[in-house]
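As structure tokens, the structure follows; a few thoughts come after it.
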Amino acid sequence: MDRKRVPGPELSVAPLVEYPLDHKRWTPQDETRHDPKRQLEDMRPIYLKTGLISQANGSAYIELEKTKLACGVYGPRPAKRTGVFSGKGTLNCEIKFATFSCAKRRSNIRDPQERELSQILTQALTPAVRLDLLPKSAIDVFITVLESDGWGSCLAAAITAASAALAHAGIEMLDLVAGCSASYIQTGSISSSGSTSIGAPQIFMDADLEEEKYEQGAIVLAYMPSLNEVTHVLQSGKAEGSIISQSVEHCVESCNKIYAVMHHALLESINENNASHQ
């Protein structure tokens with residue numbers, strides 16, 4: 001027996017595979033979405049829970065099937081001395097992918113994509129937070145992506161979770177910010193002769209990773225439902241103006257539904273807090 005090597009297990013275990021060997025890969029030519037239970041305008045079921053991180057002033061956990069994020073809010077606390085007085089507070093957001101969150105292992109060091117997402121998250125949340133009431137103060141928002149199933153859905157879920165965590169922390173806001181994503185995917189059908197007919201781009205709401213592989217463009221919308229105001233729009237790729245305006249309308253409708261989930265989650269946390277103090 002070689003003692004310099006780590007001995008393996010006596011009994012071997014079959015590896016866990018996500019798809020069976022005879023699995024057929026999804027393509028835009030299919031008549032249904034990657035998840036056949038969803039229509040083009042349907043989103044994935046949302047699970048949102050606040051108050052899971054006891055050390056943070058506010059926290060939230062959001063799950064959309066294979067997209068899972070945890071958010072912690074710390075502050076307001078005194079800002080670092082910069083030598084320049086500011087009558088408004090600062091909002092610092094940071095998104096970090098866990099090393100096991102994607103199909104390809106992520107690095108422990110922050111990469112350009114994480115910096116870009118953090119900047120977008122800050123721009124989406126800043127208009128909703130009353131920073132004018134917090135001079136010389138800073139609010140830190142940290143998001144850890146536990147599992148990612150699509151770039152657009154991950155960013156939209158981060159906006160939703162961070163807004164709920166800020167509200168849970170008791171920070172005064174103008175309104176909650178809900179995030180939603182949509183992808184433009186060129187669909188088509190295969191005739192009996194084998195020829196493919198290309199149709200107009202279709203709007204796939206809350207596209208997952210498999211569907212994003214075929215997208216021609218995408219949009220991520222941050223929206224305040226009560227005030228009927230958009231805080232941030234991120235458009236990528238190419239699409240006609242009619243497709244973009246239609247996708248914005250769909251995202252606004254979906255954000256109103258997400259707002260109801262956020263409102264319910266915050267009310268639940270308040271009831272649980274009151275019950276624990278009785």
Side-chain angles (χ1 to χ4, degrees), residues 34 44 53 56 59-75 79-80 82 86 89-129 131 138-166 177-185 204-223 230-239 244 247-248 251 255:
H34 181 239
R44 282 173 281 187
I53 304 177
S59 61
Y61 171 79
I62 190 171
E63 182 174 321
L64 292 87
E65 292 184 350
K66 293 185 179 180
T67 298
K68 303 178 180 67
L69 296 88
C71 176
V73 174
Y74 300 86
K80 297 180 180 179
T82 58
S86 176
T90 57
L91 181 65
N92 306 315
C93 300
E94 180 179 327
I95 296 180
K96 187 72 181 74
F97 285 84
T99 56
F100 50 83
S101 60
C102 302
K104 184 178 180 181
R105 185 174 178 83
R106 304 291 296 243
S107 173
N108 290 321
I109 304 174
R110 292 186 66 191
D111 54 24
Q113 184 188 25
E114 293 173 339
R115 295 189 182 95
E116 180 185 4
L117 293 177
S118 301
Q119 183 179 5
I120 294 172
L121 180 62
T122 303
Q123 295 173 354
L125 296 177
T126 300
V129 183
L131 296 175
I139 303 172
D140 298 323
V141 179
F142 297 99
I143 292 182
T144 302
V145 181
L146 303 176
E147 186 175 2
S148 176
D149 189 24
W151 182 85
S153 65
C154 185
L155 177 57
I159 295 173
T160 303
S163 177
L166 286 169
V177 183
C180 184
S181 65
S183 298
Y184 319 130
I185 300 178
F204 284 59
M205 297 299 300
D206 191 22
D208 57 20
L209 184 60
E210 289 295 325
E211 295 172 341
E212 281 189 353
K213 295 178 181 178
Y214 300 94
E215 69 179 13
Q216 294 181 340
I219 184 174
V220 179
L221 181 76
Y223 178 71
V230 176
T231 61
H232 194 275
V233 178
L234 179 63
Q235 164 70 32
S236 61
K238 296 182 179 180
I244 296 176
S247 63
V248 170
C251 287
C255 285

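Please read all numbers here as calculations on a predicted model, not as lab measurements. Side chains are part of it too, since the values below use all heavy atoms of this structure and drop only hydrogens, waters and symmetry mates. All residue numbers in this chain count up from 1 along the given sequence.
- Looking only at distances, a side-chain donor or acceptor of E211 sits under 3.5 Å from a matching main-chain atom of H34.
- Pairs of residues two or more places apart, or lying in two chains, never qualify as salt bridge (charged side-chain N to carboxylate O under 4.0 Å, His left out) while including a residue from residues 154-164.
- In this structure K213 satisfies the salt bridge (Lys or Arg N to Asp or Glu O under 4.0 Å) test together with E210, sequence neighbours excluded.
- A70 meets the side-chain contact (heavy atoms from CB on, under 4.5 Å) test with Y61; sequence neighbours excluded.
- Residues that satisfy the salt bridge (Lys or Arg N to Asp or Glu O under 4.0 Å) test with E215, not counting sequence neighbours, are absent from this structure.
- A donor-acceptor contact shorter than 3.5 Å links the side chain of S107 to the backbone of I109.
- The salt bridge (Lys or Arg N to Asp or Glu O under 4.0 Å) search around D208 returns none, not counting sequence neighbours.
- Remark: C154 engages L69, F97, V145, S148 in a side-chain contact (heavy atoms from CB on, under 4.5 Å) (not counting sequence neighbours).
- Nearest heavy-atom pair, E212 versus A207, reported as atom, atom and distance to 0.1 Å: OE2-O, 4.0 Å.
- L146 is not listed as a side-chain neighbour of S101, based on a closest heavy-atom distance of 4.5 Å or more.
- Residues meeting the side-chain hydrogen bond (donor to acceptor under 3.5 Å, both in side chains) test with S247, sequence neighbours left out: Y184.
- T231 places a side-chain N or O within 3.5 Å of a backbone atom of A222 that can act as its donor or acceptor partner.
- Open room surrounds CD on Q119; 12 or fewer heavy atoms of other groups in view lie less than 6.0 Å from it.
- In terms of heavy atoms, I143 sits closest to A162 at CD1-CB, 4.0 Å.
- For S118, the side-chain hydrogen bond (donor to acceptor under 3.5 Å, both in side chains) partners at least two apart in sequence or on another chain are R110.
- In this view, T160 and I62, I258, M262 satisfy the side-chain contact (heavy atoms from CB on, under 4.5 Å) rule, not counting sequence neighbours.
- Applying the ring-ring contact (aromatic ring centres under 6.0 Å, His included) rule to Y214 yields the partners W26; only residues at least two apart in sequence or on another chain are considered.
- Atom-to-atom distance recorded for I159:CD1 and L234:CG is 8.5 Å, nearest 0.5 angstrom.
- The shortest non-hydrogen separation linking E114 to I95 is CB-O, 3.5 Å.
- The salt bridge (Lys or Arg N to Asp or Glu O under 4.0 Å) test applied to E147 returns K68, not counting sequence neighbours.
- Taking every heavy atom of both residues into account, C71 and I53 meet most closely at O-CD1, 3.7 Å.
- Residues meeting the side-chain contact (heavy atoms from CB on, under 4.5 Å) test with E116, sequence neighbours left out: I120.
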